[in-house]
S.K.: 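Attaching a single structure in structure tokens format; questions to follow.
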Amino acid sequence: MDKLLELLKDGHARTTFMLAKELHTTSDDIKRKLEYMENMGIIKRVAIDMPSCSGSCSGCVSYDSCTVPSDEKVNCPSCMPSQELLNMGEIWEVVK
Amino acid sequence: MSNKTTIALLGQPNAGKSTLFNALTGMNQHVGNWPGKTVEKKEGSFTHNKKEYAIADLPGSYSLTANSDEEVITRDFIASGNADVVCILADSSQLERSLFMLADYAGITVPCFLLLNMADIAKEKGKNIDVKALEDKLKIPVVLLSANNKKEYKSFYEALEKAVTNKTCLDSSRLEDAYSNLEGYNELKAMIPEGVISNYSSSWIASKALENDSVVLAKLENTMSADDYKKVDDIRNAVQGAVLTGGAKFAWIDEILSGAVDSKKENVSLGKLDRIYTHKFLGKPAVILTILLGLIMSFIPAIPIMGVGMAFGSLRVPVAEALTSIGAPDVIISLLCNVVIQSLAFICQMLGFVFGVTLIFGMLEEIGIMARVSYVFDNTMAKLGLQGKSVMPFLVSFGCTMGGTAGSRVIENWGQKVLTIALAWAVPCGAAWSVVPMLSTIFFGNGVFVVIVAILITMLLHMWITAKIFGRGLVNAENKYGMIMELPPYHKPKWGALFRYVLGRTKDTFLRVVTVVMLVCVVFWLLSYSFVEGSEPILFRIGTAIEPVTKFFGMSWELFMAFIASSVGKEGALGVIGALYNGQNFSGAFYEAMGGGGVAENLNELLAANVSKPQALAFIFAITFNMPCVVALASTYQEIHSAKWTAKIAIYYTVVALILAMIAYHVGLLIW
């Protein structure tokens with residue numbers, strides 16, 4: 001697992017498939033180790049539910065309603081829907 | 001509960017504890033909260049073979065490390081001795097992952113047995129599990145069943161009775177052997193007194209101390225002398241214990257499963273498209289080509305809407321004639337035809353691009369292409385001194401800089417956040433993508449694609465130079481870390497949601513743009529209107545005075561005014577152009593427009609007649625790379641909380657935009 005962590009720290013983006021190839025293991029093995037490291041606070045998931053809002057959407061009560069965390073906001077039609085239109089996969093990064 | 005045998009159900013979330021609990025207890029259950037916590041406590045009872053059992057459904061948690069309330073409650077319950085036997089549940093369809101709880105339990109001395117749930121799914125996946133082989137290795141009863149099928153529960157009761165009768169404890173010797181090879185473990189274990197936590201062995205406590213488990217460390221601090229605890233501290237600080245013990249646990253799981261579980265080897269490989277996108281050399285060109293194709297495709301849905309806008313613009317002359325014939329005041333006719341109709345015509349044409357770009361890029365995101373774009377550009381981000389996730393605000397900035405600015409809040413490091421925002425400003429926003437292609441089409445016809453490519457290349461260069469200029473003072477090399485991405489599978493877009501979003505975005509852009517364009521158009525129209533016949537308008541006098549300077553940047557004074565207006569919002573530039581380019585001389589422009597004499601019916605022709613191609617190129621570059629808009633400016637301040645840096649970025653972009661305009665103008669002179 002220390003080799004995996006070294007790879008994660010080297011400043012290059014990799015998919016789980018690429019990590020598995022480099023470490024001569026399977027994607028499932030990489031995924032379970034990522035899950036462990038996430039639970040142990042060694043890596044963390046990057047929030048990719050970002051606002052895509054002009055700041056003056058007619059459905060938003062105010063500017064801030066477009067930028068508050070997704071679990072607290074109600075999307076107006078012109079904000080990127082938080083659940084429906086987001087096929088961005090999952091991203092993790094190493095915690096310092 | 002004291003007269004009954006108490007079973008505790010232990011497992012990760014979704015291991016099937018609740019299904020088993022409900023099936024065993026039926027109506028004999030009650031739900032409350034664990035003392036002092038908001039975590040749900042479920043207890044119940046059942047009878048089997050005339051023997052009574054109490055059962056506690058422990059909170060679902062990933063492991064037994066004290067990272068959450070759930071994990072602490074679970075550990076405390078086991079340590080308290082309340083459970084006579086612990087039933088550890090694992091998902092048999094993914095044992096390599098789900099046996100982690102069992103590995104984390106190793107070293108706890110409370111009797112236990114292993115329940116491999118979801119046997120039906122494991123069978124569907126072609127996994128053959130040798131329960132006997134697992135029992136031999138673990139030295140505890142193992143049962144394989146599907147908790148949702150009560151007919152299979154006979155084996156569960158047998159395993160339960162066996163565990164209770166024989167007080168079966170998990171054999172953790174192999175795992176302890178693996179631990180003993182870890183740096184610091186043996187020293188640590190030797191220092192830990194027995195009985196620090198009842199029912200937990202010293203090897204378990206040593207492994208948790210290595211993992212920096214806060215509760216275990218607190219217990220050790222209270223139990224040990226200050227000198228001894230200092231040694232514990234030194235040992236655990238010298239190693240990355242959680243990585244070491246985690247590796248040992250996974251290796252132990254693999255050893256347990258070896259020879260006990262057969263499964264079909266899934267030959268997972270990347271699809272053709274992903275092989276290209278993730279290719280070392282082909283990845284970037286493929287992604288750039290995809291973005292360019294996306295931009296070109298955006299024109300297809302844009303064309304019909306642009307046609308409507310142009311048709312609307314052609315109403316200007318007939319409306320002016322009609323109003324003149326009924327004797328309407330000149331100023332009203334001028335305002336209506338040269339401000340309202342002209343602006344709305346421009347806005348309609350712009351909306352075509354907004355609709356097209358939002359639809360195509362929304363579709364690309366839905367399909368999963370944008371995730372690949374983000375992945376491919378991560379290494380580039382690292383070269384700019386940024387983390388991979390900075391690419392996300394950049395992508396959002398293609399739609400709206402304010403959105404990108406707000407999106408930068410996922411970056412905790414302040415310097416990196418400021419740099420991300422500073423670079424996000426260089427990404428042409430949705431408004432730029434609506435104004436620029438339209439102007440480029442007017443001046444360069446089919447050459448619009450060359451202009452767009454030139455803008456994209458300039459954008460990358462701009463970002464690189466900006467990163468070099470601002471990066472030095474904002475980011476350190478040690479802040480750069482890698483990114484792991486699980487690329488999403490490709491799937492068909494959800495058309496309903498996509499169109500709802502695209503139409504919503506187009507409508508809001510329309511409302512915002514109408515306000516900005518109309519306001520700017522009216523202000524500049526007023527400044528350029530001769531209320532006293534024969535006199536020169538204020539704007540004309542200011543403009544001609546500053547023209548020697550503006551020409552230095554390749555722009556006439558009218559274009560320079562439009563450039564200034566683009567700082568409010570890119571759309572504002574169109575409003576100014578609409579107001580200023582309406583005649584051969586400004587004092588009589590609006591009168592001529594009213595009568596239709598001497599004024600071209602189409603503003604496109606007017607622009608082409610009044611502005612040279614090098615000037616147009618200079619103007620296009622100037623407004624594209626000017627500060628995005630006042631909303632983005634306010635949003636930047638809100639995110640970075642520094643008026644100094646906000647002003648720095650704004651001034652920098654204004655200066656760079658003018659320099660780029662000057663370069664574009666001189667390049668244009670060489671070409672035309």
Side-chain angles (χ1 to χ4, degrees), chain A residues 1-2 4-5 7-20 26-37 39-43 46-48 50-59 63 66-67 76-81 84-96, chain B residues 62-63 65 67 94 96-97 100 211 240 242-244 246-247 250 268 270 278 362 365-368 370-371 374-375 378-379 382 387-389 392-393 396 399-400 402-403 406-407 409-410 480-488 491 494 497-498 500-501 503-505 507-509 511-512 631 635:
Chain A
M1 192 130 63
D2 45 348
L4 174 60
L5 191 60
L7 283 181
L8 303 184
K9 281 181 175 176
D10 73 359
H12 291 97
R14 289 180 181 82
T15 63
T16 48
F17 181 81
M18 293 168 109
L19 287 167
T26 61
S27 290
D28 283 343
D29 181 43
I30 297 295
K31 283 177 195 170
R32 68 176 177 166
K33 285 173 179 166
L34 291 178
E35 184 186 25
Y36 170 73
M37 287 201 271
N39 273 282
M40 295 304 287
I42 300 166
I43 60 172
V46 176
I48 49 175
M50 290 198 296
S52 176
C53 177
S54 61
S56 57
C57 304
S58 57
Y63 163 82
C66 299
T67 53
C76 72
S78 50
C79 283
M80 182 68 86
E84 287 182 285
L85 284 177
L86 209 70
N87 191 23
M88 289 299 289
E90 288 177 300
I91 302 175
W92 296 269
E93 63 179 3
V94 178
V95 177
K96 286 207 83 180
Chain B
Y62 174 78
S63 68
T65 302
N67 288 329
Q94 41 177 341
E96 292 82 359
R97 186 191 146 268
F100 188 83
E211 290 170 13
Q240 188 131 29
V243 175
L244 298 178
F250 284 121
V268 182
L270 288 174
T278 56
E365 181 173 332
E366 260 290 89
I367 293 170
M370 293 310 268
S374 167
Y375 164 75
D378 177 73
N379 288 348
Q387 297 172 44
K389 58 187 174 182
M392 304 303 295
V396 175
C400 172
M402 188 246 122
R409 66 182 52 170
V410 296
K480 296 172 195 170
Y481 266 168
M483 179 175 84
I484 315 118
M485 271 196 85
E486 179 63 20
L487 294 177
H491 69 59
K494 297 177 194 108
L498 181 61
R500 272 199 305 279
Y501 163 64
L503 291 173
R505 170 51 64 93
K507 187 192 90 182
D508 277 309
T509 306
L511 295 175
R512 185 164 54 94
V631 181
S635 168

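Protein chains get the first letters and strands the later ones, always in sequence-line order, with residue 1 at the start of each. Everything quoted here is computed from the prediction, not taken from an experiment.
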S.K.: Heavy-atom distances under 4.5 Å only: say whether A/K31 touches chain B with side chain, backbone, both or neither.
M.R.: side chain

S.K.: Select one option (side chain, backbone, both, neither) describing which atoms of B/Q240 are under 4.5 Å from chain A's heavy atoms.
M.R.: side chain

S.K.: Could you tell me which portion of A/M18 (side chain, backbone, both or neither) has an atom closer than 4.5 angstrom to a non-hydrogen atom of chain B?
M.R.: side chain

S.K.: Would you name the heavy atoms of B/R97 and A/R32 that are closest together and state the gap between them?
M.R.: CG-CB, 4.0 Å

S.K.: Side chain from CB out, backbone as N, CA, C, O: work out which of these in A/L4 comes under 4.5 Å of a heavy atom of chain B, or both, or neither.
M.R.: neither

S.K.: Considering all heavy atoms of both residues, which atom of B/G247 and which atom of A/M1 are nearest to each other, and what is their separation?
M.R.: N-CE, 3.2 Å

S.K.: Sort B/I367 into side chain, backbone, both or neither according to what part of it lies under 4.5 angstrom from a heavy atom of chain A.
M.R.: backbone

S.K.: Output all residues satisfying ring pair (Phe, Tyr, Trp, His ring centres under 6.0 Å) with B/Y62, sequence neighbours left out; order by chain, then residue number.
M.R.: B/F100

S.K.: If every non-hydrogen atom of A/N39 is compared with every non-hydrogen atom of B/N67, which pair is closest and at what distance?
M.R.: O-ND2, 2.9 Å

S.K.: At a heavy-atom separation under 4.5 Å, does A/I30 approach chain B through its side chain, its backbone, both, or neither?
M.R.: neither

